[in-house]
Amino acid sequence: MDYQNQNLTNSEPFLDDSSLGEDEPKLLKDRKKVSITKLRAVLYILAAHLSGWILALYVTSWFATSQLRSGDEINQIVPPIRTEITKFEFKTDDWVPGPKDPNVTDAIFDNWTKLLPKGQGMVKIPDFHDYPYLAKPGHLIHNDLAYNTAWVHQLHCVYWVMSEYHRVLHHGPNGNEYFIDPTHNSYHTSHCFNYIRQAIVCGLDTTLEGGGEGVGVADGSGQFHVCRNREQSIEWLEANSFTDFRAIA
């Protein structure tokens with residue numbers, strides 16, 4: 001026991017202030033360097049993970065938008081519509097009134113209306129806030145906010161411009177060239193002209209058109225276009241519509 005106590009008493013401390021001596025500043029510096037090195041390593045790892053997440057989000061976003069075709073709904077709420085080859089026809093009697101018709105006939109009105117889905121292409125998207133490229137709904141249907149569908153809107157505008165053009169032709173210059181029928185809606189017509197202009201520029205149909213089936217000029221008839229399947233689009237729209245009502249104007 002005495003031997004152990006003597007050894008403990010006479011033994012030198014393992015590490016005290018005197019043992020550090022002149023090496024103390026160097027040890028502190030070394031410890032500081034190690035801490036800074038570890039901190040930098042952690043920051044590099046965090047930065048690498050963050051960059052990886054950002055790159056993954058960018059690639060995912062790019063891949064999603066790169067798969068979109070012209071005319072696709074950008075938020076991908078509406079399923080992709082398959083395409084088909086469609087030949088443009090020259091016959092106009094079923095769609096445009098003749099010069100002796102005072103107004104658009106009921107038959108022509110019905111033909112245009114049959115092109116539309118039931119419900120007028122109006123659909124409800126309850127979680128619209130979750131889609132970055134979806135504007136706030138702009139229509140109120142049965143006390144519910146609704147969205148219109150572009151191709152239905154465009155078709156309505158073409159019909160409207162056609163009917164207003166026929167109205168002007170029918171009343172014609174009669175000594176009062178600037179006469180406009182009181183029921184003429186110039187704002188609506190101007191809107192439709194501008195809207196159709198933008199729709200054409202957006203779609204950019206690149207079909208190469210040759211001589212038509214009418215009088216031989218390039219009137220657009222007789223050409224084959226890559227078109228979307230209207231029945232498939234109508235099926236989705238009617239499944240998400242508010243009502244069964246439809247009318248071209």
Side-chain angles (χ1 to χ4, degrees), residues 64-65 67-84 86 88-89 94-97 103-167 183-205 225-249:
T65 55
Q67 302 305 305
L68 294 174
R69 300 169 301 174
S70 176
D72 280 350
E73 196 276 310
I74 191 170
N75 297 284
Q76 301 184 53
I77 299 172
V78 182
I81 305 299
R82 65 179 178 270
T83 57
E84 57 191 13
T86 302
F88 280 25
E89 304 294 340
D94 294 334
W95 306 101
V96 182
N103 295 297
V104 175
T105 64
D106 291 341
I108 290 175
F109 179 90
D110 290 342
N111 288 338
W112 282 80
T113 295
K114 290 174 183 177
L115 295 174
L116 305 179
K118 295 178 181 178
Q120 300 288 93
M122 295 287 182
V123 296
K124 180 170 63 174
I125 310 296
D127 54 346
F128 65 89
H129 292 293
D130 296 338
Y131 299 96
Y133 297 107
L134 192 61
K136 293 181 180 180
H139 299 271
L140 189 63
I141 307 294
H142 299 310
N143 296 321
D144 276 323
L145 294 173
Y147 289 88
N148 199 356
T149 306
W151 74 262
V152 178
H153 185 184
Q154 293 162 10
L155 201 61
H156 158 77
C157 271
V158 173
Y159 174 86
W160 182 273
V161 172
M162 179 272 297
S163 63
E164 291 301 300
Y165 173 73
H166 179 74
R167 186 197 302 274
T183 60
H184 176 78
N185 189 330
S186 59
Y187 171 81
H188 195 160
T189 306
S190 298
H191 150 74
C192 283
F193 273 124
N194 192 45
Y195 183 63
I196 295 169
R197 173 189 63 81
Q198 295 175 89
I200 292 171
V201 173
C202 178
L204 293 178
D205 185 346
H225 295 249
V226 178
C227 302
R228 292 171 178 270
N229 185 277
R230 190 173 61 89
E231 285 72 22
Q232 183 185 358
S233 179
I234 286 178
E235 181 180 354
W236 186 89
L237 290 172
E238 290 187 348
N240 293 274
S241 66
F242 287 83
T243 68
D244 289 340
F245 173 80
R246 63 178 176 180
I248 191 63

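Bear in mind the structure is a predicted one, so any value in this text is a computation, not a measurement. Position 1 is the first residue of the sequence, and the numbers go up from there.
Counting all heavy atoms, side chain and backbone alike, L116 lies closest to R246 at O-NH1, 2.8 Å. Between L145 and F242, the shortest heavy-atom distance links the atoms O-CZ, 4.0 Å. Nearest heavy-atom pair across P97 and I108 is N-CD1, 3.4 Å. Considering every non-hydrogen atom in both V161 and C192, the closest pair reads CG2-CB, 3.5 Å. Here the closest heavy-atom approach between residue V152 and residue P117 is recorded as CG2-CD, 3.8 Å. For Q232 against P80, the heavy-atom pair with the smallest separation is NE2-O, 3.2 Å.
With hydrogens and angles ignored, the 3.5 Å screen pairs a side-chain donor or acceptor of Y147 with a backbone N or O of A135. Panel note: side chain N75, backbone Y133; a donor-acceptor pair is recorded below 3.5 Å. Proximity of a side-chain donor or acceptor of R82 to a complementary backbone N or O of N229 within less than 3.5 Å is not detected. Judged purely by atom type and a 3.5 angstrom limit, W112 uses its side chain to pair as donor or acceptor with the backbone of W95. Between the side chain of E238 and the backbone N or O of K118, at least one donor-acceptor pair lies under 3.5 Å. One N or O on the side chain of Q120 and one on the backbone of A247 form a donor-acceptor pair closer than 3.5 Å.
Residues L155 and Y159 are not in side-chain contact: their nearest non-hydrogen atoms beyond the backbone lie 4.5 Å or more apart. Put simply, the side chain of L115 reaches to within 4.5 Å of the side chain of R230, judged on heavy atoms. Using a 4.5 Å cut-off on side-chain heavy atoms (C-beta onward), W151 and I81 make no contact. For the pair P137 and I125, the minimum side-chain heavy-atom distance is 4.5 Å or more.
How far OG1 of T149 is from CE of M122: 8.0 Å, rounded to the nearest 0.5 Å. Atom CD of residue Q154 and atom CD1 of residue I200 lie 9.0 Å apart, to the nearest 0.5 angstrom. Note that the NE2 atom of H129 and the NZ atom of K136 stand 7.0 Å from one another [nearest 0.5 Å]. Within the model, atoms CZ of F109 and CG of N111 stand 11.0 Å from one another, a figure rounded to the nearest 0.5 Å.
Of the candidates V78, N240, N148, I77, V123 forms a side-chain contact (heavy atoms from CB on, under 4.5 Å) with just one, namely N240.
At most 12 non-hydrogen atoms from other residues, nucleotides or ligands lie less than 6.0 angstrom from CD of E235.
Between Y195 and H191, the two ring planes are parallel [angle under 30°; tilted spans 30° to 60°].
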